Every structure is written in structure tokens, then in C-alpha cells.
Amino acid sequence: MSQLIDGKMISQQIKDELREEAARLKARGRNACLAVVQVGEDPASTVYVRNKKKACAYIGIDSKSYELPEETTEEELVALVKELNADAQVNGILVQLPLPAHIDEDRIIRTISPEKDVDGFHPVSVGRLWIGEKGFLSCTPAGIIQLLKRSGIEIEGKECVIVGRSNIVGKPMAALLLRENGTVTVTHSRTKDLKNVTGRADILIVAIGRKKYITSEYVKEGAVVIDVGMHRGEDGRLCGDVDFADVEPHTSAITPVPGGVGPMTIAMLMDNCVETIRGQEERP
Ligand code: GUN
């Protein structure tokens, strides 16, 4: 029997821990505030932003909302981010992606102060991660590490294969697994004989954005499979990058979609927000 890795339950556990911690910090006069910026009205972004604000309210983190029109110029957005950088009341800044095509996302990410970069996307945060310095971790990969640890799955010495090399998931995932002493391979669209590489994985992490792409042919018997994908299937139901029904019987543990990786991203964003008010003495 394969173990179903329950992201809904684990993310709730983390949020409850953070809620207690935030209350303790508040009693000592420390209060976190997250500024959430959305440009335009992309429906998926609106749902994500709403859920992030709801999570803040649950944990006891203040949130400030900036809902800007689609026509907002890059200069206007840069000016807002600089204002938030300078605002002592604001501890964390999140600019929801994607931004409209006329705005340079990289420039906006670089404008956010690394000390308030709760998404962990700033090059300084990325650099700190790779050299093992403390800094904000990219939320989805950090959530995957928590899923593995809290499900009792050891990473040290394991063959870890990542499918996908995005800046948001694949690359930071490699750094985090390396930090946990995994042996890490990153595959991508130009990888030759992908099945042969994924077939070596003890832990297989899939973030390619292609519906049910990974079938049992890609998976070693007894592997742990983590599915970062999120799609709407032909039957109208949500599904991932992994063909769950086909792959699950061959795994020792697997994440479902929905209810696997998805809920962890917001939980780890909340952890980064609480991190902004942890004193040196509380830093893990
Ligand atoms: N869009 C999709 N995922 C994310 C995320 O984790 N952070 C931000 N800022 N935008 C996103």
C-alpha cells in the first residue's frame, strides 16, 4: 500500500504552529504585516491572493492589499514597491505573478528589498539559498521539504530527480534537496531518455506543467512521487503532472492533486512572514 502524503493536513499543522508562534510574538510587541500587490484581474491570481489574505487573518498576520488596474505602468509599480520597502509597518512584500506583459517581472522582483522578499524570488534570496546562508526560501520547494520530513521520508543519501528547471520550483528544489544531503539530478525538456533518468529516482519531483505526463513507465518500483502540477482534466476534475491512477500502485508514497503540494505553498509563505518578526534567538 502506498502512503498518501496529505498536504492539506500537514499545511494545517504548520499553520496552527505558526498561529501559536505569532500570538506569542504579538504578546512581546512583535507584529507581522504582509503587503499583497495584484496588478490586473487574472482570475487565478485573484483566488490565490484571496487565499493568502485569508491565511494571514487565520495566523494573526496583518495584510495590506493593493489591487492595481491592468494599465498600471512599470514605473508606477516600481514606485509602490519602493514605498513599501521604506514603510516600517510592512514586513513582507508579495507581488502576485504573472504581471501584465508590459511590465518587466524581473525588474519588479529585483526592486523588492531582500529583507522583505517573502516569496524568496530576489536574486539575493536565491544566492543565499545556494551558499547555505539564512534567507527566505521559495515557498513551493520549501513546502515539499516539509511534506517529506513530516511524512517520515528520509532525503539524505537518496537519488532525487526533479523534472522541470523553473526558477520558482525546479532550481530552488535542487538547492534544498542538496542541503538535505540528497543526490540531485535536474531534468528538463532537452533531457535525453527521460524515463531512464526518472527511473533511477528514490524521490521523484515533477514540475513540468503537462497534464498526466508522468506514467508508471517513468517511475521506479517503490519510489516517492511528488506532483507539483495542477490542471483541469477532461472530466472537469483537478489533476497533476502525474497520471495518479497509473503511477500510485508502484509508489511507496505519493501526493494527490488536489490536497498535496498546493496547500503547502501558502503555509510556507506564512512561515516566511512569521520569519520577518522572529528575533535572532528564535531562528531555527
Ligand atoms: N504566482 C503563482 N505562484 C506564485 C507565488 O508563489 N508567488 C507569487 N508572487 N506569484 C505567484
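Counting starts at 1 for both ligands and their atoms, following the listed order. Because the structure is predicted, anything quoted here is derived from the model rather than measured. The residues of the chain are indexed from 1 along the displayed sequence.
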Ion pair check, Lys149 and Glu154, cut-off under 4.0 Å
no

Salt bridge present between Lys64 and Asp87 (N-O < 4.0 angstrom)
yes

Any N or O on Tyr48 sitting closer than 3.5 Å to an N or O of ligand 1?
no

Please tell me whether Ser65 and Lys53 have a donor and an acceptor in their side chains that are separated by less than 3.5 angstrom.
yes

With heavy atoms and a 4.0 Å threshold, my read on which part of Phe121 contacts ligand 1 is side chain

If we set the cut-off at 4.0 Å for heavy atoms, which region of Leu97 has an atom near ligand 1: side chain, backbone, both, or neither?
both

Strictly below 4.0 Å, N to O, side chains only: are Lys220 and Asp202 in salt-bridge contact?
yes

Are any of the N/O atoms in Pro98 less than 3.5 Å from those in ligand 1?
no

Looking only at heavy atoms, is any part of Ile168 under 4.0 Å from ligand 1, and if so is it the side chain, the backbone, or both, or is it neither?
neither

Given that the side chain starts at C-beta and the backbone is N, CA, C, O, which of these parts of Met268 lies under 4.0 Å from ligand 1, counting heavy atoms, or is it both or neither?
neither

Please list the nearest protein heavy atom to atom 3 (N) of ligand 1 with its residue and the distance rounded to 0.1 Å.
Gln96 NE2, 4.4 Å

Have a look at Asp119, Leu99, Leu269 and point out the one with the heavy atom closest to atom 7 (N) of ligand 1.
Asp119

Should Leu99 and Tyr48 be regarded as members of a common hydrophobic cluster, given that ILVMFWY residues are connected when their side-chain heavy atoms come within less than 4.5 Å of each other, either directly or indirectly?
no

Indicate yes or no: does Arg30 engage Glu275 in a salt bridge with an N to O separation below 4.0 Å.
no

